[in-house]
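Here the structure comes first, spelled out in structure tokens, and everything after it is commentary.
Please read these numbers as outputs of a predicted model, since none were measured by experiment.
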Amino acid sequence: MAKKDKVSETPVTALLRQHGVAFTEHPYDYLEHGGAQHSAQVLGMDPFAVVKTLIMQDQDAKPLVVLMHGNRKVSTKNLARQVGLKSIEPCAPEVANRHSGYLVGGTSPFATRRSMPVFIEETILALPRICINGGRRGYLIGIDPQVCVQLLDAKAVNCALAE
């Protein structure tokens, strides 16, 4: 089920190479609405280590990025409380596409069209490696989760809910 091992350059891989970040490539057959659970299953990975990139917005419609385990949901109430906002909600797919420059299902927190604050579930930072979207549907990259803090200035939060 896995695709060819090499994928053409994306804005994400270009950015990581520019910063000298080591990464592994994990192409797979994309499934509409399959999400992180599907990619983890196809690639034989733990969905806890497959990180989804969610584009959300605050009460003023200002966008933000949330990085969450593939098998967890975001408690928007807990997240809003921790970051000092009134409310946070997911963006509509077309709005998320506009903010990130990626199609939903292929959204990466790296090399987004707009600069947005990034929040990462703190337990992700304890993992030795994560797989996160590489900038297109059906393509994950494996990196050290600390890269999210170093390159994105991601702030650790505690807002995971079991799916």
Side-chain angles (χ1 to χ4, degrees), residues 2-32 34-40 42-58 61-70 72 74 79 83 88 90-157 159-160:
K3 282 186 176 173
K4 60 185 192 286
D5 288 339
K6 272 291 190 206
V7 175
S8 60
E9 190 89 314
T10 68
V12 177
T13 55
L15 177 82
L16 295 176
R17 284 193 176 96
Q18 178 188 335
H19 287 277
V21 174
F23 63 91
T24 54
E25 296 182 289
H26 306 275
Y28 65 95
D29 290 322
Y30 176 76
L31 174 68
E32 190 77 33
Q37 297 273 23
H38 167 73
S39 57
V42 170
L43 294 168
M45 297 177 177
D46 180 352
F48 192 74
V50 175
V51 175
K52 50 191 175 185
T53 303
L54 305 166
I55 308 297
M56 300 202 171
Q57 63 187 16
D58 68 12
K62 290 196 178 104
L64 55 110
V65 178
V66 182
L67 303 179
M68 182 54 69
H69 297 286
R72 298 288 188 274
V74 174
L79 178 60
V83 301
I88 293 176
C91 287
E94 59 279 2
V95 175
N97 293 346
R98 240 185 353 261
H99 289 316
S100 70
Y102 298 109
L103 290 175
V104 167
T107 305
S108 177
F110 299 99
T112 54
R113 179 177 292 154
R114 286 182 73 166
S115 180
M116 298 175 272
V118 178
F119 300 97
I120 186 169
E121 173 60 32
E122 66 183 1
T123 50
I124 292 171
L125 295 171
L127 296 170
R129 283 192 75 69
I130 59 170
C131 276
I132 196 163
N133 200 285
R136 71 167 46 109
R137 291 173 169 176
Y139 179 55
L140 299 181
I141 54 167
I143 57 171
D144 180 321
Q146 296 303 321
V147 171
C148 298
V149 175
Q150 295 155 358
L151 294 187
L152 302 171
D153 195 27
K155 306 283 185 259
V157 291
C159 62

request  = May I ask you to decide if G138's main-chain N or O and D29's side chain share a donor-acceptor pair within less than 3.5 Å?
outcome  = no
Sequence neighbours left out, cut at 3.5 Å: what donor-acceptor pairs do the side chains of residues 140-150 make with other protein atoms?
residue: D144; atom: OD1; partner: Q146; partner atom: N; Å: 2.7
residue: Q146; atom: NE2; partner: L125; partner atom: O; Å: 3.3

Between the CD1 atom in I130 and the CZ atom in F48, the distance rounded to the nearest 0.5 Å is 11.5 Å
Taking every heavy atom of P90 against every heavy atom of M56, the minimum-distance pair comes out as CA-CG, 4.0 Å
Sorted by chain and number, sequence neighbours left out, ring pair (Phe, Tyr, Trp, His ring centres under 6.0 Å) with F23 holds for none
The reported gap from CZ in R72 to NZ in K52 (rounded to nearest 0.5 angstrom) is 10.0 Å
Correct closest heavy-atom pair for H26 and C131 would be CD2-SG, 3.7 Å
Item checked: Check: T107 side chain, T53 main-chain N or O, donor-acceptor pair, under 3.5 Å -> no
Rounded to the nearest 0.5 angstrom, the OG1-NE2 distance for T123 and H69 is 2.5 Å
Closest non-hydrogen contact found for N133 with V12 is O-CG1, 4.5 Å
E122 and A156 have their tightest heavy-atom pair at CB-CB, 4.0 Å
Would you confirm whether S100, through its side chain, and A96, through its main-chain N or O, come within 3.5 Å as a donor-acceptor pair? yes
| Just wondering, do V83 and K155 contact through their side chains at under 4.5 Å, heavy atoms? | no
The reported gap from CD1 in I124 to CD1 in I132 (rounded to nearest 0.5 angstrom) is 7.5 Å
- Does some side-chain heavy atom of T13 sit less than 4.5 Å from a side-chain heavy atom of Y139? yes
Within the 4.5 Å heavy-atom criterion, are P117 and K62 side-chain neighbours or not?
no
Donor-acceptor contact present, side-chain S108 to main-chain G134, <3.5 Å
no
In this structure, CD of Q57 is separated from CE of M116 (nearest 0.5 Å) by 11.5 Å
Tell me if a side-chain donor or acceptor on R113 pairs with a main-chain N or O of Y102 at a distance below 3.5 Å. no
Paired with V65, the side chain to side chain contact (heavy atoms under 4.5 Å, CB included) test is passed by just one of V118, L54, L152, I120, namely V118
| query | Do R136 and Y30 come within less than 4.5 Å of each other through their side chains, counting heavy atoms only? | reply | no
Interatomic distance, CZ@R98 vs CD1@I55, rounded to 0.5 Å, equals 12.5 Å
Note to self: Has E121 got a side-chain atom pairing as donor or acceptor with C159's backbone, closer than 3.5 angstrom?
What the structure shows: yes
